[in-house]
Chemist: 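Got a structure for you, questions after.
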Amino acid sequence: MPAVSKGDGMRGLAVFISDIRNCKSKEAEIKRINKELANIRSKFKGDKALDGYSKKKYVCKLLFIFLLGHDIDFGHMEAVNLLSSNKYTEKQIGYLFISVLVNSNSELIRLINNAIKNDLASRNPTSMCLALHCIANVGSREMGEAFAADIPRILVAGDSMDSVKQSAALCLLRLYKASPDLVPMGEWTARVVHLLNDQHMGVVTAAVSLITCLCKKNPDDFKTCISLAVSRLSRIVSSASTDLQDYTYYFVPAPWLSVKLLRLLQCYPPPEDAAVKGRLVECLETVLNKAQEPPKSKKVQHSNAKNAILFETISLIIHYDSEPNLLVRACNQLGQFLQHRETNLRYLALESMCTLASSEFSHEAVKTHIDTVINALKTERDVSVRQRAADLLYAMCDRSNAKQIVSEMLRYLETADYAIREEIVLKVAILAEKYAVDYSWYVDTILNLIRIAGDYVSEEVWYRVLQIVTNRDDVQGYAAKTVFEALQAPACHENMVKVGGYILGEFGNLIAGDPRSSPPVQFSLLHSKFHLCSVATRALLLSTYIKFINLFPETKATIQGVLRAGSQLRNADVELQQRAVEYLTLSSVASTDVLATVLEEMPPFPERESSILAKLKRKKGPGAASGLDDGRRDASNNDINGGVEPTASTLSTPSPSADLLGLRAAPPPATAPAPASAGNLLVDVFSDSPAAQPSLGPTPEEAFLSELEPPAPESPMGLLADPAPVADPGPEDIGPPIPEADELLNKFVCKNNGVLFENQLLQIGVKSEFRQNLGRMYLFYGNKTSMQFQNFAPTVVHPGDLQTQLAVQTKRVATQVDGGAQVQQVLNIECLRDFLTPPLLLVRFRYGGAPQSLTLKLPVTINKFFQPTEMAAQDFFQRWKQLSLPLQEAQKIFKANHPMDAEVTKAKLLGFGSALLDNVDPNPENFVGAGIIQTKALQVGCLLRLEPNAQAQMYRLTLRTSKEPVSRHLCELLAQQF
Amino acid sequence: MFRNFKIIYRRYAGLYFCICVDVSDNNLAYLEAIHNFVEVLNEYFHNVCELDLVFNFYKVYTVVDEMFLAGEIRETSQTKVLKQLLMLQSLE
């Protein structure tokens, strides 16, 4: 085989390159380059026409100079001239220059396109390939416009050479990726699919890449590729290692083509045809079997190529998630890799196993490898591998192994890399909560976390422990005792002081009986930490002190002494000063009864999604492991919530709706149930008291309280429901709505804006407005990860005969959502007639190669089309009587789920859409409303009456409408809200 | 990891060969694609060394275009690629 000699053919170029390489300094190099540039310029401008060879040589020199990092602003015209040369080498250099130094000069583009056109039509495969490669490398819109229609023709033409077909396929792929609108689908698509049968494996390889990309947007057009891909794969997999000759790589038959075919199959659900499916399963089994065979070569290339296919096979098995037998075999195979001496393999095995852990079929099998994984966490030398091990432990954790995993993670935390500590802390906190059987274990775990990695324990973590302790009275005494002991340590983390201060303030009385932790001891223990703490902690401790005065009257004098000290009363920090003044006054002027009411134990927190989980979700895209830092990152991630976050100082009242999770653009406060909190109460008392100033801004404590208060209770389901990736249900069938869908829907019955859904990957926010029978809804999809979502396709589906009742027009959204980005989708809604079930929102996309699918209920309920109607008492009763048929009335008697607050109730009824009528009901406690539901076909008049019974904590709700199903439906919707 | 992509690389003497691929792409397949490419270079330049690549940079582009196009693998058969390269070599 002839070797290529240095710069053969172009001596001048070789000399120039040698000169440059011999330059001793940067200056000398620049000097040499400038000399050359001047030379070339003069040659190009010279009167003498240059021959093709010289042009080629100079253009090539320019290219080299450009590649060294210098700007080149001439030579394009000479390069374009080379395109029409009939010598291959000249043409090649011309195309190369154009591809590398694309220029947007329109005159030039016209000339280039002309040259390309000629070459495409030349029927000379070499020229055609050069032209196609140029289009593929440039991929500009102009080229797309000029050639997108021609290339499919070249691709499927019977007389095209194989190499041309290969290039044409990939060239088309590039144009499609750059401007999909320019590539028209047509009858050629069917013929492209048949390229999978082509004799030439190179053509097949190129065609698979093209089809994999095209079928993502047009799955139905390419459906026939499944059986062709399976039979192709089957032929490769079952071939002997030398059958494919040219395409055998280190004894592995066509590894890249196999990988590509397996990836193509991952765009579709399992084949429906039993024969095809059988053949495919056979293939997958063969691959798994081959992994067990002794290697045919000791070379790493052999095992890499083999394992590339194996991992892709496992991905497909996980994607199907329907063959328990294969899943378990895949898991065992990965288990072997966990102990392999190749670090790359151990890494990949941990990564793949993480997805296997979430499949119900293989979860148990994954768990059997726990010891190996724990060992990896301890002994792996590469941090990225340890990170994967930690991820896997988190994924495989369940009730049976939680204690072991949590304790291992805690141990690992002591030596963990700083970059991943916070994430480990969050994971430990979540697992401890999720799988806590006895809550003393949970409390121990969290306090250990603070002890080991206090700096990395974010606010969410210790807020959460307080929520849980407050809500579970069986653990309060234990918690008080434990924090008391933990605080004995001479140096304890400030977060420990915060938790300790809060818990002792609430539950210190539970351990006060023991003389070792008598009230004065508790107080002096806390106060011994006071001076070393930050302002926020000291503020919290001051609140603890006033609670002590209430809990333990014997400490009153001491504490008043502390509050009265100049260092408090005249503290330079306004917050501390205010607290000291207010608490001191409160303790002196208020009677014990008032004090006891004001400082009553905190009411239980309504159950809601764990704030920690929310935080981890915000943090975590699988790839985001490395760049973990706290504050800034969180702030930027909040932006994708689509809400403007009011800073504490802009809130004039403690907002009960300020929420860690939700859209912070405070929804109308009235729509959120506001359980009376000590924070609110405290302010109220003070604003009535002439002795103290009303709080102007929210104090840190209020902010803290409001952080803990959810805007609306969420289902316990949502609490820790781990959204496992759902297998792609296929284009036709829609998965059932997620279990929380109804709860989520209920949140929106009385409001129009908020967060509809959130998991680790995605947040969906809603803003909507309705008028008459029309509505417009904006859905905001936020990608919470750092990786792009692909094939992102949210669609609205009308189950049953909803189609005839409600028209929803959706605008298409971009199919790719970049990491951290948000896309907006506009929905135009028209209510045609009364309807009972909401439309479904089907969100599908690919994340990290795995298809994700999610079905939610779109928050469109019939009451959105309410038109409030004002009427006098007389009219109301007259109409009430008119609607007296038994079926026109729906009634429900139910227990209050939220505190019975008249203002909140009013706000909800208004949010529901009806007008509120005063002075209608003889009983002023009752609420009466009226409205008309506007649909295109008809109007439905509605009257409603809500009778609260505060004593029994019950409501009676009565609805009368002119349409019987509507009465029942409205009654059900509304009853959920109180 | 690099922005929304990952970089797969392999070192040969003093040279690193890198490919930037989607995060979900198959690591090992691309690792071997690099090796396949380097073997072709080695064959084409007869014991390739860094200087060959510098002095014949414009030919390296041709090799790349034969094997990778539009961000995808175009041809994986070393025999076929070399045959094509030699054919092009013989053209004037």
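The sequence lines fix the lettering, A, B, ..., with proteins before strands; numbering per chain opens at 1.
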Chemist: To the nearest 0.5 angstrom, please state how far the CZ atom of B/Arg74 sits from the OG atom of A/Ser209.
Modeler: 12.0 Å

Chemist: Report the C-alpha distance between A/Asn137 and B/Leu69 in whole Å, list the side-chain angles of each, state the deciding distance to 0.1 Å, and finish with yes or no for side chain to side chain contact (heavy atoms under 4.5 Å, CB included).
Modeler: CA-CA 7 Å; A/Asn137 287 329; B/Leu69 191 62; 4.1 Å; yes

Chemist: Once rounded to the nearest 0.5 Å, what's the spacing between atom OH of A/Tyr249 and atom CD of B/Gln78?
Modeler: 7.0 Å

Chemist: State, yes or no, whether a side-chain contact exists between A/Ile17 and B/Val54 at a heavy-atom distance under 4.5 Å.
Modeler: yes

Chemist: Please look at B/Ser24 and chain A and tell me whether the side chain, the backbone, both or neither of the residue comes under 4.5 angstrom of a heavy atom of that chain.
Modeler: both

Chemist: Please rank A/Gln790, A/Met201, A/Gln788, A/Gln92 by heavy-atom pairs under 4.5 Å with chain B and give me the top one.
Modeler: A/Gln92

Chemist: Return the CZ to CG distance between B/Phe57 and A/Leu68, rounded to the nearest 0.5 Å.
Modeler: 9.0 Å

Chemist: Hey, does B/Leu51 have a side-chain heavy atom less than 4.5 Å from the side chain of A/Arg21?
Modeler: yes

Chemist: Does the side chain of A/Tyr88 come under 3.5 Å of the side chain of B/Gln89 through a donor N or O and an acceptor N or O?
Modeler: no

Chemist: Hey, does B/Asp65 have a side-chain heavy atom less than 4.5 Å from the side chain of A/Leu130?
Modeler: no

Chemist: Tell me whether the rings of B/His35 and A/Tyr250 are parallel (<30°), tilted (30 to 60°) or perpendicular (>60°).
Modeler: tilted

Chemist: Need one label for B/Asp22: side chain, backbone, both or neither, based on atoms under 4.5 Å from any heavy atom in chain A.
Modeler: side chain

Chemist: Going from SG on A/Cys213 to CD on B/Glu72, what distance comes out if it is rounded to the nearest 0.5 angstrom?
Modeler: 8.0 Å

Chemist: Check whether any side-chain heavy atom of A/His133 sits under 4.5 Å from a side-chain heavy atom of B/Tyr61, and report yes or no.
Modeler: no

Chemist: For the pair A/Trp256 and B/Glu75, evaluate side chain to side chain contact (heavy atoms under 4.5 Å, CB included) and give the outcome as yes or no after the intermediate values.
Modeler: CA-CA 10 Å; A/Trp256 294 282; B/Glu75 179 57 74; over 6 Å; no

Chemist: I need the residue from A/Ser315, A/Ser167, A/Ser258 with the largest number of non-hydrogen atom pairs under 4.5 Å to chain B.
Modeler: A/Ser167

Chemist: Pick one of side chain, backbone, both or neither for A/Val100, based on which atoms fall under 4.5 Å of a heavy atom in chain B.
Modeler: side chain

Chemist: Show the nearest heavy-atom pair for residues A/Ala14 and B/Phe55, with the distance to one decimal.
Modeler: O-CE2, 3.4 Å

Chemist: Examine whether an atom of A/Ile93 lies under 4.5 Å from a heavy atom of chain B, and if so say whether it belongs to the side chain, the backbone or both; otherwise answer neither.
Modeler: side chain

Chemist: Check whether B/Asn26 reaches the backbone of A/Ala308 with its side chain - one donor and one acceptor, N or O, closer than 3.5 Å.
Modeler: yes

Chemist: If I measure from the heavy atoms of chain B, does A/Leu132 come under 4.5 Å with its side chain, its backbone, both, or neither?
Modeler: neither

Chemist: Do A/Thr126 and B/Leu91 come close enough that some side-chain heavy atom pair is under 4.5 Å?
Modeler: yes

Chemist: Counting neighbours of CD on A/Glu342 that are heavy atoms of other residues, nucleotides or ligands and sit closer than 6.0 Å, is the number greater than 12?
Modeler: yes

Chemist: Given that the side chain runs from C-beta out, which part of B/Leu31 has a heavy atom under 4.5 Å from chain A: side chain, backbone, both or neither?
Modeler: side chain

Chemist: If you tally heavy-atom pairs under 4.5 Å against chain B, which of A/Leu96, A/Val259, A/Thr205 wins?
Modeler: A/Leu96

Chemist: Below 4.5 Å, heavy-atom pairs only: which of B/Thr79, B/Ile73, B/Asn36 has the largest tally toward chain A?
Modeler: B/Asn36

Chemist: Which heavy-atom pair separates B/Tyr58 from A/Cys60 by the least distance, and what is that distance?
Modeler: CD2-SG, 3.6 Å

Chemist: Using a cut-off of under 4.5 Å for heavy-atom pairs, which of A/Ala169, A/Pro255, A/Gly202, A/Cys171 has the most such pairs with chain B?
Modeler: A/Gly202

Chemist: Starting at NZ of B/Lys83, measure out to CG of A/Asp246 and round the result to the nearest 0.5 Å.
Modeler: 8.0 Å

Chemist: Report, as yes or no, whether the 6.0 Å neighbourhood of atom OH on B/Tyr16 holds more than 12 heavy atoms from other residues, nucleotides or ligands.
Modeler: no

Chemist: Could you grab the distance from atom CD of A/Gln301 to atom CG of B/Leu28, nearest 0.5 Å is fine?
Modeler: 12.0 Å

Chemist: Is A/Ser163 close to chain B through its backbone or its side chain, or both, or neither, when contacts mean heavy atoms under 4.5 Å?
Modeler: both

Chemist: Between A/Leu67 and chain B, with a heavy-atom cut-off of 4.5 Å, which part of the residue counts as in contact: side chain, backbone, both or neither?
Modeler: side chain

Chemist: For A/Lys177, is it the side chain, the backbone, both, or neither that has a heavy atom closer than 4.5 Å to a heavy atom of chain B?
Modeler: side chain

